[in-house]
2 protein chains.
Amino acid sequence: MARGFCHRHGNERPCSCSMGNIYRYVEPVTLYLLKLKGRAYGYELGNYLREHALTDSEVDRAALYRTLRQLETNGFVTSEWDIGGGGPARRLYALTQAGVDHLAEWLVVLRQMAGAMNRFVDDADKLIVSDTKDLQTAATVENE
Amino acid sequence: MARGFCHRHGNERPCSCSMGNIYRYVEPVTLYLLKLKGRAYGYELGNYLREHALTDSEVDRAALYRTLRQLETNGFVTSEWDIGGGGPARRLYALTQAGVDHLAEWLVVLRQMAGAMNRFVDDADKLIVSDTKDLQTAATVENE
DNA sequence: GATAATATATGCAAATAACATCTACATAGT
DNA sequence: ACTATGTAGATGTTATTTGCATATATTATC
């Protein structure tokens with residue numbers, strides 16, 4: 001999906017097959033930020049990325065630049081050089097309609113993943129908590 | 001963390017740094033299943049893994065076996081050969097206390113990730129929905 | 001005795017990630 | 001003028017991870 005295609009589910013539906021790892025969720029956050037800001041260049045996005053990241057991990061600028069080029073190759077964003085305003089030339093990116101659609105697909109997947117994670121955590125928590133209770137009971141018994 | 005250590009946050013706290021990709025969440029689900037079932041062998045776990053998976057992706061048995069050996073190396077599980085009951089020998093795994101603690105750390109991280117995902121999806125949804133509204137408004141105007 | 005199912009494990013190519021490095025321009029300080 | 005610093009984009013290298021194929025061994029079934 002990160003490359004526009006999952007070879008297991010094809011295009012039948014958005015899936016999280018190759019989404020667990022590809023660029024550590026840089027892609028959806030980048031799409032989101034572009035949607036939010038209208039247009040932006042990579043270096044700038046790199047600064048906002050951190051606060052919207054889905055994990056604790058630092059986002060490698062190299063990964064961001066590569067993701068942007070990849071997104072462009074796939075037709076999800078367009079770019080043009082911006083020479084003007086002082087400093088080195090910057091590449092201005094903007095979302096395409098396909099990009100918006102792709103973001104929407106990511107949202108389906110991420111919502112589903114978040115749901116699965118929450119259910120998992122709840123289930124696992126119960127298991128562990130019941131354990132703690134046992135220990136407390138044991139301790140109480142021991143103290144009598 | 002999957003290997004028991006994150007070289008960015010060290011051991012100060014559970015983090016999701018290397019959790020976006022390592023074995024596609026096979027590790028926490030494996031720990032959970034072992035906690036749930038008391039003891040189990042790899043092939044068996046492979047069958048339950050699917051229904052508790054956090055993503056759509058099929059879990060490769062090779063990855064599961066490798067994860068189990070890794071967990072053992074890190075002291076999170078122990079194993080012993082089970083010759084008895086018909087068929088090829090199976091390796092019976094069980095959680096250690098360190099394994100339970102490790103699962104608890106995963107829960108912290110996964111809860112946090114799920115939260116981040118939900119917030120992200122909500123934010124992004126608003127953006128896209130407001131877009132749709134604009135389109136609807138435009139369409140309405142157009143139809144007048 | 002051939003075949004299938006169970007069970008664990010390894011080998012290898014390809015995909016990904018982490019980290020370092022490179023180019024280039026501009027500005028500020030000395 | 002020279003140097004350092006910050007901005008901006010991009011590539012190269014190496015290590016890790018993944019996906020898929022394959023190997024090995026035991027039992028059950030035909």
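Below, read A as the first sequence line, B as the second, and so on, with proteins coming before strands; counting in each chain starts at 1. Both backbone and side-chain heavy atoms feed into the values below; hydrogens, waters and symmetry mates do not.
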Nucleotide [N], atom [atom2] - distance to [atom1] of [X] in whole Å:
X        : N       : atom1 : atom2 : answer
Gln70(B) : dT10(C) : CD    : C1'   : 15 Å
Arg90(B) : dA5(C)  : CZ    : C1'   : 12 Å
Trp81(B) : dT8(C)  : CH2   : P     : 7 Å
Tyr43(B) : dA25(D) : OH    : P     : 19 Å
Arg61(A) : dT11(D) : CZ    : C1'   : 16 Å
Tyr41(A) : dT7(D)  : OH    : P     : 9 Å
Glu27(B) : dT17(D) : CD    : P     : 11 Å
Glu44(B) : dT8(C)  : CD    : C1'   : 14 Å

Distances for protein N or O near nucleotides 21-24 of chain C N or O, under 3.5 Å:
none

Which pair of non-hydrogen atoms, one from [X] and one from [Y], has the smallest distance, and what is that distance?
X         : Y        : result
Ala116(B) : Ala53(A) : CB-O, 4.3 Å
Val100(B) : Lys35(B) : CG2-CD, 4.3 Å
Tyr48(B)  : Leu33(B) : CB-CD1, 3.8 Å

I want to check one thing: is the phosphate of dA10(D), taken as OP1 and OP2, less than 4.0 Å away from some side-chain N or O of Arg91(A)?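 For dA10(D), OP1/OP2 do have a side-chain N/O of Arg91(A) under 4.0 Å.
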Are any of Tyr65(A)'s side-chain N or O atoms less than 4.0 Å away from OP1 or OP2 of dA10(D)?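 Answer no for this pair, as no side-chain N or O of Tyr65(A) is under 4.0 Å from OP1 or OP2.
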Taking Thr96(B) for the side chain and Gly75(B) for the main chain, is one N or O donor matched with an acceptor at less than 3.5 Å?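 Yes, the answer is positive, given that a donor and an acceptor are paired below the 3.5 Å cut-off.
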Suppose we screen for side-chain contact (heavy atoms from CB on, under 4.5 Å). Which residues come up paired with Ala104(B), at least two apart in sequence or across chains?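 Ala104(B): side-chain contact (heavy atoms from CB on, under 4.5 Å) contacts with Ile128(A).
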Under the side-chain contact (heavy atoms from CB on, under 4.5 Å) test, which residues partner Asp122(A), sequence neighbours left out?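 Counting only residues at least two positions away or on another chain, Asp122(A) forms no side-chain contact (heavy atoms from CB on, under 4.5 Å).
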Any N/O pairs under 3.5 Å between the protein and nucleotides 21-23 of chain D? List them or say none.
none

Does the side-chain contact (heavy atoms from CB on, under 4.5 Å) test come out yes or no for Glu105(B) and Asp101(B), once each step is laid out? CA-CA 6 Å; Glu105(B) 289 187 327; Asp101(B) 296 346; 5.8 Å; no
Residues clustering with Trp81(A) (ILVMFWY side chains joined when closer than 4.5 Å, directly or via others):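 So far as hydrophobic clustering goes, Trp81(A) is joined with Ile83(A).
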Who else is in Leu92(A)'s hydrophobic cluster (ILVMFWY, side-chain heavy atoms under 4.5 Å, direct or via others)?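 Leu92(A) clusters with Tyr41(A), Tyr43(A), Tyr65(A).
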